[in-house]
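Have a look at the structure below before the remarks.
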Number of protein chains: 2
Amino acid sequence: MPLKYLTVAEDIERKIREGVCPPQSKLPTTDELCEQYGVSRITVRKAMDVLSERGFVIKRRGSGTYVKDIDPSSDDSESQVVESYSATARHEGHVADTQVLEFSVIGATGRVAERLRVGEGTPVYSIVRLRSVNDSQGLVSYTWIPVAIVPNLTKRNAADSLYRHVEVGLGLTVSSTHRSIRAVMPTLEEQVWLRLPEDVPVLEIDQVTFLSDGRLFEYSVLHRDTRDWSFKCVNT
Amino acid sequence: MPLKYLTVAEDIERKIREGVCPPQSKLPTTDELCEQYGVSRITVRKAMDVLSERGFVIKRRGSGTYVKDIDPSSDDSESQVVESYSATARHEGHVADTQVLEFSVIGATGRVAERLRVGEGTPVYSIVRLRSVNDSQGLVSYTWIPVAIVPNLTKRNAADSLYRHVEVGLGLTVSSTHRSIRAVMPTLEEQVWLRLPEDVPVLEIDQVTFLSDGRLFEYSVLHRDTRDWSFKCVNT
DNA sequence: AAGTGGTCTAGACCACATA
DNA sequence: ATGTGGTCTAGACCACTTC
């Protein structure tokens with residue numbers, strides 16, 4: 001049986017998206033939702049916590065829960081942060097075109113060893129990929145993955161979604177990502193790969209990803225064209 | 001009385017930071033923590049949820065809860081996302097130097113009206129500030145605030161923390177921020193203000209902030225030098 | 001089979017908002 | 001004074017991991 005709190009959260013999220021619950025409007029009270037969905041108070045509360053984290057509603061003690069009035073042009077619905085990992089993986093699967101520019105196994109050194117928390121010299125895949133998400137958007141990714149964690153990785157897998165290979169192929173699940181974000185100039189190579197005019201900077205996303213069994217499985221540095229895309233997040 | 005779940009979460013966070021619970025180590029089980037702290041299971045669970053959201057631990061059903069092994073050089077402890085708003089406000093209070101470059105009341109137009117969800121022509125403060133956080137780090141902020149929400153704002157307030165003025169001075173509390181992040185080149189003015197060499201890009205953070213009563217109180221665009229700083233976040 | 005975290009319940013009391 | 005969300009409890013059962 002699907003989780004009750006997610007069922008409730010997703011039903012209300014749908015109502016918000018479809019305009020049944022317009023911006024600024026007050027949602028039913030916790031007790032009313034308990035009745036409507038036939039669940040306990042704590043379950044409704046957990047559903048509301050999910051909606052609150054995702055930035056859809058704002059809870060006001062003593063008053064009620066209200067639909068946030070956000071500018072649709074800065075909509076967070078497709079944001080990386082709002083999405084669950086499976087949804088992210090699904091999107092990655094929709095990446096139109098992925099070229100694997102480099103695929104090799106090397107010994108981890110310096111920053112890569114530090115970020116992956118492995119000893120120097122530990123075998124890791126070193127993968128450089130060029131990906132276009134829509135027509136004009138692009139990103140270059142530099143990824144390092146310990147061979148021990150994902151054996152049998154091939155250049156072909158890398159052209160698909162790595163996440164999908166790890167989740168579907170190996171039965172592991174991705175749990176969390178720690179990101180560090182800056183603005184940098186692309187290298188000359190990257191300028192060519194991404195077809196960037198002079199003086200167009202890229203967003204650098206430096207990230208490590210954990211599996212739900214606690215192992216650190218990936219260190220990546222992404223350089224992304226942000227002329228047609230932006231990184232979105234909600235903080236509460 | 002302080003909140004129990006926060007007391008527990010903060011005590012364990014401290015133990016993690018101080019090395020009492022080293023990376024990779026298993027925390028006591030939920031039931032053991034219930035006994036240790038003399039609280040219920042649901043309270044311990046809420047505390048663990050907090051630590052998990054903040055990126056300190058990883059929970060493994062059927063196995064236990066473990067301290068994440070993160071690279072200290074990419075530590076998230078000071079991250080904007082991990083911090084509570086009061087903590088953020090405290091930090092903003094530590095901003096060494098704030099120069100108010102512009103302070104006026106204008107009628108909202110175009111993008112500002114859209115983001116603030118007010119009609120065109122609605123009076124808003126328009127504030128441009130130059131801030132240095134440490135010695136070498138700097139950011140330029142362009143902020144718009146509806147006059148109706150924060151009456152009596154002065155140039156002097158703007159030189160201090162706006163958040164502090166809103167929270168302490170007006171008794172309002174800040175609830176959440178929606179951010180959209182990209183890489184851009186600074187304007188010529190900004191290059192001078194931030195003392196940026198040629199060809200150094202800045203991080204553009206486009207954000208709206210909500211009060212806990214649900215009102216949208218601020219729209220800001222920040223241009224930030226990221227040579228010595230990065231925007232950090234954890235996604236679960 | 002035993003242990004551990006995840007979900008869910010019913011119910012109590014509190015803090016805050018609104019009138 | 002009333003209504004609303006926030007915290008907390010005790011306890012049940014489930015799903016998954018580990019032995």
Side-chain angles (χ1 to χ4, degrees), chain A residues 1-10 12 24-53 56-68 84 167 170-173 175-176 210-215 236, chain B residues 1-10 12 24-53 56-68 84-85 167 170-176 210-215 236:
Chain A
M1 187 185 111
L3 297 183
K4 288 190 183 180
Y5 75 90
L6 278 183
T7 308
V8 175
E10 280 160 11
I12 296 175
Q24 308 265 23
S25 68
K26 185 172 180 294
L27 290 182
T29 67
T30 309
D31 290 340
E32 284 166 351
L33 291 172
C34 289
E35 271 197 46
Q36 280 181 33
Y37 290 96
V39 298
S40 75
R41 192 163 177 276
I42 212 168
T43 301
V44 166
R45 282 185 48 69
K46 182 143 187 180
M48 297 319 243
D49 284 345
V50 170
L51 291 181
S52 176
E53 269 171 36
F56 289 105
V57 302
I58 196 155
K59 302 193 283 185
R60 300 168 56 185
R61 174 192 284 216
S63 173
T65 302
Y66 300 81
V67 179
K68 263 191 187 169
S84 68
E167 298 219 308
L170 300 179
L172 304 170
T173 54
S175 144
S176 60
F210 289 85
L211 297 174
S212 56
D213 66 7
R215 287 183 295 170
T236 308
Chain B
M1 188 184 111
L3 298 182
K4 289 190 181 180
Y5 74 91
L6 278 183
T7 308
V8 174
E10 280 160 12
I12 295 174
Q24 309 265 23
S25 68
K26 185 172 180 298
L27 291 182
T29 66
T30 309
D31 290 340
E32 285 167 349
L33 290 172
C34 288
E35 271 197 45
Q36 280 181 33
Y37 291 96
V39 298
S40 75
R41 193 163 176 278
I42 213 169
T43 301
V44 166
R45 282 185 47 71
K46 181 141 188 182
M48 296 320 232
D49 284 345
V50 170
L51 291 181
S52 176
E53 269 170 37
F56 289 105
V57 303
I58 197 155
K59 301 193 283 186
R60 300 169 54 187
R61 174 193 286 222
S63 173
T65 301
Y66 300 81
V67 179
K68 264 191 187 169
S84 68
Y85 266 95
E167 297 218 309
L170 300 179
L172 304 171
T173 55
V174 165
S175 144
S176 59
F210 289 84
L211 297 175
S212 55
D213 66 8
R215 287 181 297 170
T236 308

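A, B, ... follow the sequence lines: proteins, then strands. Residue 1 opens every chain.
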Quiz item: Is the count of non-hydrogen atoms from other residues, nucleotides or ligands lying under 6.0 Å from A:E35 atom CD greater than 12?
Solution: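 Check fails, neighbour count at 12 or below.
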Quiz item: On DNA chain C, nearest-nucleotide positions of A:R60 versus B:G62: which is more 5'?
Solution: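 It is B:G62 whose nearest nucleotide is closer to the 5' end.
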Quiz prompt | A:Y66 vs A:R61, nearer the 5' end of DNA chain C by closest nucleotide | solution =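 On the 5' side of the pair lies A:R61.
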Quiz prompt | Range on DNA chain D touched by chain A, heavy atoms, distance below 4.0 Å | solution =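 Here the contact window of chain A covers D:dG3 to D:dT7.
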Quiz item: So how far is it from B:L51 CG to B:I12 CD1, rounded to the nearest 0.5 Å?
Solution: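 Separation between the atoms: 6.0 Å.
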Exercise. Could you grab the distance from atom OG1 of B:T43 to atom CG of B:L33, nearest 0.5 Å is fine?
Key: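 Reported value, rounded in 0.5 Å steps: 11.5 Å.
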Exercise. Write down the distance between CD (B:E32) and C1' (C:dT4), rounded to a whole number of angstrom.
Key: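 Taking atom C1' of C:dT4 as the reference, CD of B:E32 is at 10 Å.
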Exercise. Using atom CG of B:L211 as one end and atom P of C:dC16 as the other, report the distance to the nearest whole Å.
Key: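 Rounded to the whole Å, the gap is 17 Å.
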Exercise. Flag this pair as yes if the NZ/CZ of B:K59 is under 6.0 angstrom from the six-membered ring centre of B:Y66 and inside a 45 degree cone about the axis; otherwise no.
Key: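 Ring-cation test returns no.
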Exercise. Tell me, please, whether A:F210 has B:K68 positioned over its six-membered ring: NZ or CZ under 6.0 Å from the ring centre and within 45 degrees of its axis?
Key: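 Flagged: B:K68 positioned over aromatic ring of A:F210.
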Quiz item: Taking only N and O in the side chain of B:T65, is any of them less than 4.0 Å away from OP1 or OP2 of C:dG5?
Solution: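 It does, given that an N or O in the side chain of B:T65 lies less than 4.0 Å from OP1 or OP2 of C:dG5.
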Quiz item: Looking only at heavy atoms, what is the nearest atom pair of B:P2 and B:T7, with distance?
Solution: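 In terms of heavy atoms, the two residues are closest at CB-OG1, 4.1 Å.
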Quiz item: Taking all atoms of both residues into account, what is the closest heavy-atom pair of B:C34 and B:R41, and its distance?
Solution: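 What the structure gives for the nearest pair is SG-CA, 3.3 Å.
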Quiz item: Considering only heavy atoms, which members of residues 37-47 of chain B lie under 4.0 Å from some atom of DNA chain C?
Solution: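 Heavy-atom cutoff 4.0 Å gives B:R41, B:R45.
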Self-check item: Pair B:S212-B:S175, side-chain donor/acceptor within less than 3.5 Å
Solution: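 Side chains of B:S212 and B:S175: no pair found under 3.5 Å.
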